[in-house]
Amino acid sequence: MAKNGHDILREVEQLLYCQAECLDGKRWQEFIELFTEDGTYWMPAAPEQTTGDGVPSIFWEDRNLMTVRLKRLTHPRAWSQKTAWGTNHVIGNVTIEKEDASSGDLVVRSRFHMMEFRNDTTRHFAGSYIHHLKKTKAGHRIKLQRVDMVNAEGPYEYVLQAWV
């Protein structure tokens, strides 16, 4: 998929790696800025869901709701954030499933594994991402990110605080 010497897959991989680095570095505002103004982060409660609109989801957030989550995470009285914690994302198997030749928009699938360490406990989350990417002057931005976790229906001692 090279055009004029530019590898689109490499550009997409770099965007996904940047997103992972933002999450692992708790640079949540930078993470949010990777989305288009009307972008959505969606983690369905079940793999057969085709929309997050009007049905229960683990996450169904536009940029406004992401900003609310960001403010909650960074609030000085956010007691859940006082315990030292961190994440580590590994992204792989990145493939471009669809490319709109006229707009440059893409649909991309990838796999992830995230390790979270909090309260002396390690949790693992794994699954697939589907990114709908919009071509902009600043490069591709996320119009929709769907997160399908392999273990989405598993029991957890506490809820997810930030994005996977």
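For this chain, numbers begin at 1 and follow the sequence in order.
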So which atom in [X] and which in [Y] form the shortest heavy-atom distance, rounded to 0.1 Å?
| X | Y | answer |
| --- | --- | --- |
| Glu61 | Arg69 | OE2-NH2, 2.6 Å |
| Pro44 | Ser57 | CA-OG, 4.2 Å |
| Ile91 | Val94 | CG2-CG2, 4.2 Å |

Using a 4.5 Å cut-off on heavy atoms from C-beta on, say whether the side chain of [Y] contacts that of [X].
| X | Y | answer |
| --- | --- | --- |
| Ile142 | Gln19 | yes |
| Arg123 | Phe117 | no |
| Arg72 | Val68 | no |
| Trp28 | Lys26 | yes |
| Phe35 | Met66 | yes |
| Leu133 | Lys143 | no |
| Thr40 | Trp60 | yes |
| Thr95 | Asn93 | no |

Out of curiosity, does [Y] fall in the hydrophobic cluster containing [X] (side-chain heavy atoms, cut-off under 4.5 Å, transitive links)?
| X | Y | result |
| --- | --- | --- |
| Leu9 | Phe112 | yes |
| Ile58 | Ile32 | yes |
| Ile130 | Tyr41 | no |
| Leu16 | Phe59 | yes |

Say whether, by atom type as modelled, one donor and one acceptor occur between the side chain of [X] and the main chain of [Y] under 3.5 angstrom.
| X | Y | value |
| --- | --- | --- |
| Gln49 | Ala46 | yes |
| His131 | Ser110 | no |
| Thr136 | Ala138 | yes |
| Asp24 | His89 | yes |

Report task. Check the pair Lys135 / Asp105 against salt bridge (charged side-chain N to carboxylate O under 4.0 Å, His left out), numbers first and verdict last. Result -> CA-CA 5 Å; Lys135 182 73 172 173; Asp105 295 352; over 6 Å; no
When rounded to the nearest 0.5 angstrom, what distance separates [atom1] in [X] from [atom2] in [Y]?
| X | Y | atom1 | atom2 | result |
| --- | --- | --- | --- | --- |
| His132 | Leu144 | NE2 | CG | 5.0 Å |
| Leu23 | Glu30 | CG | CD | 10.5 Å |
| Lys134 | His140 | NZ | NE2 | 9.5 Å |

Report task. Test side chain to side chain donor-acceptor pair (under 3.5 Å) on Thr36 and Asp38 and set out the steps. Result -> CA-CA 5 Å; Thr36 61; Asp38 61 346; 2.8 Å; yes
Report task. Decide yes or no on salt bridge (charged side-chain N to carboxylate O under 4.0 Å, His left out) for Arg146 and Asp148, but give the supporting numbers first. Result -> CA-CA 6 Å; Arg146 178 180 172 135; Asp148 286 296; 2.7 Å; yes
**Report entry** Full working for side-chain contact (heavy atoms from CB on, under 4.5 Å) between Gln145 and Tyr129
**Finding:** CA-CA 7 Å; Gln145 179 174 349; Tyr129 293 139; 3.4 Å; yes
Query raised in the report: Are His124 and His113 an aromatic pair by the rule of ring centers under 6.0 Å?
Result: yes
